[in-house]
Amino acid sequence: MTDTEIEITADLVRDLLQEQHPDLAGLAIREVEGGWGNQMWRLGDELAVRMQRMDPTPELQLNERRWLPVLAPRLPLPVPTPVRFGEPSERFPKHWTVMTWVPGEPLDLCSISRGAHAADTLAGFLRALHVEAPADAPIATDRGAHPRDCTDGFENFFQAVVPGGIAADVRAVWDDAVAADAWQGPPVWVHGDLHPANVVVSDGTLSGIVDFGSMFAGDPAWDLAAAWVLLPAGTAARFFDVYADADESAIRRARGLAAMKSLFLMLMGQNGDRGLPGGKPNWGPVGRAALDRVVRGV
């Protein structure tokens, strides 16, 4: 049985806790739906166990271990913070981490009803996150580039799922992002993977941000794309007014990246409809709604 074929069960999680953190082994363990690179298990009411699953290396978990304790204290929304480390063993030859649990429902399973509040909340969170990163911060390997350097990925998604009726409009948004000036500032902290499954909602608004494994130092436009990917129609302008630190080029890059991210969500939804590994059937409608917001610029 290869590493990726190891079945992660509640019994396995409890056995690992008993071996490495026995004081936590008596807490209730419940599987959390979703996850691909890592599988999550609730541990009691306030903790979670993040198990490396499909991620080929432990780098993403190790980044969270190293940097989330640095970032979390100055962020205005709850984020998962590592509290215990699980090391590879004969029982499970991968990394796992005990983290704080961020309460709320993932946005891919619900909706935002308080759009203005959510726009203000997201803008405040990203203003706090987007500060100059230290020299030893992670550098992205599969994201973070200017849109002009992401054309292959965009084309793959575009050809696979773009609806015919808006194909020309989506192409125009992307071409405008490719033509925009590059980020001129110092590399700042970027979450890097803000999509509906990585934010949680309570009382109709954003209440937490999760999954920082892809965090990197670079262009904030990769996070600013969330103005269209996450927020309801009609709130993007308010978001950028409150964020107050994005020039025209950053907004153009962000909108193009939002188009690419929306197409990716649609492709994941299509894969889910076809029963392919890693597919998420509920992501298709979410991605299409986001793409409509991108095309309309709202």
Side-chain angles (χ1 to χ4, degrees), residues 107-108 111-112 115 118-119 122-123 126 130 140 142-185 188 190-199 214 218-271 273 280 283-298:
L107 180 56
D108 64 329
S111 62
I112 291 171
L122 181 62
L126 292 180
H130 290 167
D142 62 344
R143 67 193 73 204
H146 191 285
R148 71 172 67 98
D149 298 320
C150 303
T151 53
D152 287 347
F154 172 81
E155 288 296 336
N156 289 338
F157 301 151
F158 183 88
Q159 297 299 330
V161 297
V162 70
I166 61 171
D169 295 326
V170 175
R171 173 74 67 187
V173 169
W174 180 254
D175 289 346
D176 185 60
V178 168
D181 291 339
W183 170 246
Q184 301 297 322
V188 301
V190 178
H191 178 283
D193 200 20
L194 287 177
H195 61 69
N198 285 344
V199 301
S214 298
D219 180 359
W222 279 79
D223 283 350
L224 300 178
W228 295 279
V229 175
L230 299 182
L231 296 176
T235 57
R238 181 183 180 113
F239 165 84
F240 283 109
D241 285 345
V242 175
Y243 182 80
D245 197 26
D247 62 17
E248 179 187 2
S249 293
I251 295 173
R252 291 165 62 193
R253 293 194 308 276
R255 190 176 171 205
L257 292 168
M260 184 171 69
K261 290 169 180 275
S262 300
L263 293 172
F264 168 74
L265 292 172
M266 292 170 65
L267 180 58
M268 291 290 284
Q270 178 176 281
N271 289 346
D273 292 339
K280 308 283 187 181
W283 284 17
V286 171
R288 177 57 199 264
L291 189 62
D292 287 343
R293 294 192 293 269
V294 170
V295 168
R296 293 163 55 201
V298 297

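We count residues from 1, following the sequence as given.
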Working to the nearest 0.5 angstrom, can you tell me the gap between [X] [atom1] and [Y] [atom2]?
{"X": "Leu257", "Y": "Trp174", "atom1": "CG", "atom2": "CH2", "result": "5.5 Å"}
{"X": "Ser214", "Y": "Trp222", "atom1": "OG", "atom2": "CH2", "result": "10.0 Å"}
{"X": "Ile166", "Y": "Asp292", "atom1": "CD1", "atom2": "CG", "result": "5.5 Å"}
{"X": "Met260", "Y": "Arg143", "atom1": "CE", "atom2": "CZ", "result": "9.0 Å"}
{"X": "Thr151", "Y": "Asp149", "atom1": "OG1", "atom2": "CG", "result": "7.5 Å"}
{"X": "Leu231", "Y": "Phe239", "atom1": "CG", "atom2": "CZ", "result": "7.0 Å"}

Looking only at heavy atoms, which two atoms of [X] and [Y] are closest? And how far apart?
{"X": "Ala197", "Y": "Trp283", "value": "CB-CZ2, 3.5 Å"}
{"X": "Ala246", "Y": "Ile251", "value": "O-CD1, 3.9 Å"}
{"X": "Asn198", "Y": "Asp193", "value": "ND2-O, 2.9 Å"}
{"X": "Leu224", "Y": "Ala250", "value": "CD1-CB, 4.5 Å"}
{"X": "His195", "Y": "Val229", "value": "CA-CG1, 4.3 Å"}
{"X": "Gly287", "Y": "Leu265", "value": "CA-CB, 3.7 Å"}

Exercise. Does the salt bridge (charged side-chain N to carboxylate O under 4.0 Å, His left out) test come out yes or no for Arg253 and Asp219, once each step is laid out?
Worked result: CA-CA 10 Å; Arg253 293 194 308 276; Asp219 180 359; 2.8 Å; yes

Problem set entry | His130 ring center within less than 6.0 Å of Tyr243 ring center |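 Between His130 and Tyr243, which both carry aromatic rings, the centre distance is below 6.0 Å.
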
Exercise. Which residues satisfy the side-chain contact (heavy atoms from CB on, under 4.5 Å) test with Val162, sequence neighbours excluded?
Worked result: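 Testing Val162 for side-chain contact (heavy atoms from CB on, under 4.5 Å), a comparison that skips the adjacent residues, returns Phe158, Ala167, Val170, Leu263.
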
Using atom types as modelled, flag every donor-acceptor pair under 3.5 Å from a side chain in residues 177-184 to any protein atom, sequence neighbours excluded.
unit_1: Trp183; atom_1: NE1; unit_2: Gly185; atom_2: O; d: 3.0
unit_1: Trp183; atom_1: NE1; unit_2: Pro186; atom_2: O; d: 3.0
unit_1: Gln184; atom_1: NE2; unit_2: Ala182; atom_2: O; d: 3.1

For this session: In sequence, state the C-alpha distance, the side-chain angles, and the governing distance for Leu291 and Met266, and then conclude on side chain to side chain contact (heavy atoms under 4.5 Å, CB included).
Result: CA-CA 9 Å; Leu291 189 62; Met266 292 170 65; 3.8 Å; yes

For this session: Write out all pairs satisfying salt bridge (charged side-chain N to carboxylate O under 4.0 Å, His left out) with one or both partners inside residues 165-178, taking only residues at least two apart or from two chains.
Result: Glu155-Arg171, Asp176-Arg252

Exercise. Mind checking whether Leu126 and Leu194 have side chains closer than 4.5 Å, heavy atoms only?
Worked result: yes

